[in-house]
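One structure is given below, encoded as structure tokens.
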Amino acid sequence: MNITEARERVMELRDLIERANRAYYEEAQPFISDKEFDEALKELEELENEYALQTSDSPTRRVGGKPSESFPTVEHPEAMLSLDNTYNEEELQDFDRRVRGILGEQTYSYSVELKFDGAAIRLRYEQGELVLGATRGDGYRGDDITRNLKTIKDIPLRLNGHAPPVAEVRGEAYMEKEAFVRLNEFREEQGLTPFANPRNSTAGSLKMQDPREVARRPIRFYSFDLSIEGEPAPDTHMEKLQMLNRLGLPVCDYHAVCKDIDSVLKIIYEWDDLRHTLPYETDGVVVKVNEDIFRTELGYTAKAPRWAIAYKFEAEQATTVIEDISLQVGRLGTITPVAELKPVQLAGSTIRRASLHNEDEIHRKDIRPGDTVVVEKAGEIIPQVINVVNPDRDGRPEPFKMPANCPACNEKLVKFEGEVAWRCMNPECPPQVKERIVHFASRDAMDIEGLGEAVVDQLVAEGLIQTFADLYSLKPEQLVPLERMGKKSAQNLIEAIEMSKSQPLDRVLYALGIRFVGRTVARDLAANFGSVDEVMNANFEDFIAVDSVGPKIAESVAAFFEIDKNREMVEQLREAGLQFEGEKKESFSSKLEGKKFVLTGTLPTLSRSEASELIEKHGGKTTTSVSKNTDYLLAGDSPGSKYEKAEKLGIPILSEKEFRDLIKD
Ligand code: IVH
């Protein structure tokens, strides 16, 4: 390579890395894998060194993305740097040799811990009080997201026991795999684009403007570093982790001290097996020199410490071929393109299909039949197509184009403003009819055992049912002739249908399959209106007053009950004897959502039960004894020992007045 070529390649790599950084940090939609990113960065670094092409604004000198504009910016007192990555034993041995080269004969040890795959967070506690929480941003300046971080239950608002004058805590916000999948289901229900993986959903959630929304996201936190001002700090990493734990900050159980790099490798191999059983994602292990004095001696490069390194696990990726792109029609008419894959093994299962989400997504990644693609499991659960391996191959078919008509019923497809999905609006479109019935019978809805897709398929094909209301007039003798349906199973199915009549109101509302009405909204509607009739007679304004209901949902519920056919079907369900009445609960707000209260002493105006009732009406709970999980102690005159215990644990103590202020509008 000559200097001109090197210059060109450097420009190309910088451009790629910058685009990848923006996509990862600012748009939460990465387009290349971590490994490809690291390889590009490594190549760039080597070229810059070899051809003396370093510049101060090169991505080799910076970490992460720009702080966003919608939060105040904070400067980090100590840079939040990145970590160098290694992908195999040899590179890890090289790291150890470099450390040994600097530390010579001195005896040092390594601490090993899991690397969490989420968003880096910095917390500042002054006199034990959480005063600031920030993102990493570009490593030097990040976003002040204190308000959002305060809603995360794992993050204590006050430290336990004796707290140093200033404690700076670093850690990772993350999302558990299961919670991530549920969040995405909910998003699809709401017509929103699902997140690519738990890491993106965490980063995206932390940047929301409304802390109440953040509070609803299942974000967790692990701390992994501590620095202290105003008094001596522990001088090994392990002791810091112990101190973090003592202060009430969550520390992951998987950490250890090793005397040499071979013992480190042993642990890495153990954890590589174990990680699949963990509820959260981990993409590797962080190896750190354990003693602080050696950290000082080893120092830093422009973007990472020399005393630490990340060992990245092999990503859960595989390469396969897209045999075809098929189209699926959902319950609400949404057309979802699906990649039909040449079967491939990935993280312990065979993958045959992967959702391509929508047309825009296919164009962004330029995916076409016949392409070789990288597939990855998001949250190690849902397979995703990451990118095309050889986009320049010869003989590629034309780019994918969504057909103008529904692949199932030929109705013209439509796309609503602000939405990415194409939809078929024909209510009689066969796959939609079928999916509606399957949804009605599903476990979270009417829970009708034995009424799966295969049976529904036949019932619809044989003309025995057109809507789910027809289920309630089925006779055993109509079922017996169906495939794989003996006398006994026909009888069982009829009984299961009969039993579903006792399902409570919120399930009935959910089962109706109203667009955007998921389980939470259905529960809130049931609690607020108390009967199907009240819901049917309510209008947009009534709906929007409900806690989890926004304008889109309110409009959708109102529109559903305006359609005559839907009203007729509801009447049929009433005649069948479904539960149309429920218990109406008065809920004032969700200001205390998830907060645990303990009461003590005599309050000036409220009795104990009145106070409990108020707490519940605002979404909180009352428990009897004070523990570190208690959020507030509500204390009146002559409080008991609970008062001292709460004080000792650093739990906020409220008077009745302060409590009333908390729930006031
Ligand atoms: S220590 C000076 N420990 O990985 C850097 N980082 O690639 C000290 N991370 O920004 C970082 N788990 O957000 C450390 N156990 C762990 C970690 C961890 C995840 C993240 C962290 C950091 C990024 C660097």
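Computed over heavy atoms, backbone and side chain alike; hydrogens, waters and symmetry mates excluded. Counting convention: from 1, in listed order, for ligands and their atoms alike.
In summary, the side chains of E291 and H237 do not present any donor paired with an acceptor at a separation below 3.5 Å, with no hydrogens or angles considered. Donor-acceptor pairing under 3.5 Å is recorded for the side chains of N49 and Q54.
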Starting from the C-alpha separation in whole Å, work towards a yes-or-no answer on side chain to side chain contact (heavy atoms under 4.5 Å, CB included) for Y280 and L114. CA-CA 11 Å; Y280 47 85; L114 284 179; 3.7 Å; yes
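The backbone N or O of L92 lies less than 3.5 Å from no partner atom in the side chain of T86, so there is not a single donor-acceptor pair.
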Pairwise, report which nitrogen or oxygen atoms of ligand 1 are under 3.5 angstrom from protein nitrogen or oxygen atoms, and how far apart they are.
from, atom 1, to, atom 2, distance (Å)
ligand 1, 3 (N), E113, OE2, 3.4
ligand 1, 3 (N), K288, NZ, 3.1
ligand 1, 4 (O), K115, NZ, 3.1
ligand 1, 10 (O), R136, NH1, 3.1
ligand 1, 12 (N), F116, N, 3.0
ligand 1, 13 (O), E172, OE1, 2.4
ligand 1, 15 (N), E113, OE2, 2.8
ligand 1, 15 (N), L114, O, 3.0

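Ring-centre distance between F180 and F195: not below the 6.0 Å cut-off.
Using a cut-off of 4.0 Å between Lys/Arg side-chain N and Asp/Glu carboxylate O, E126 and R124 are scored as salt-bridged.
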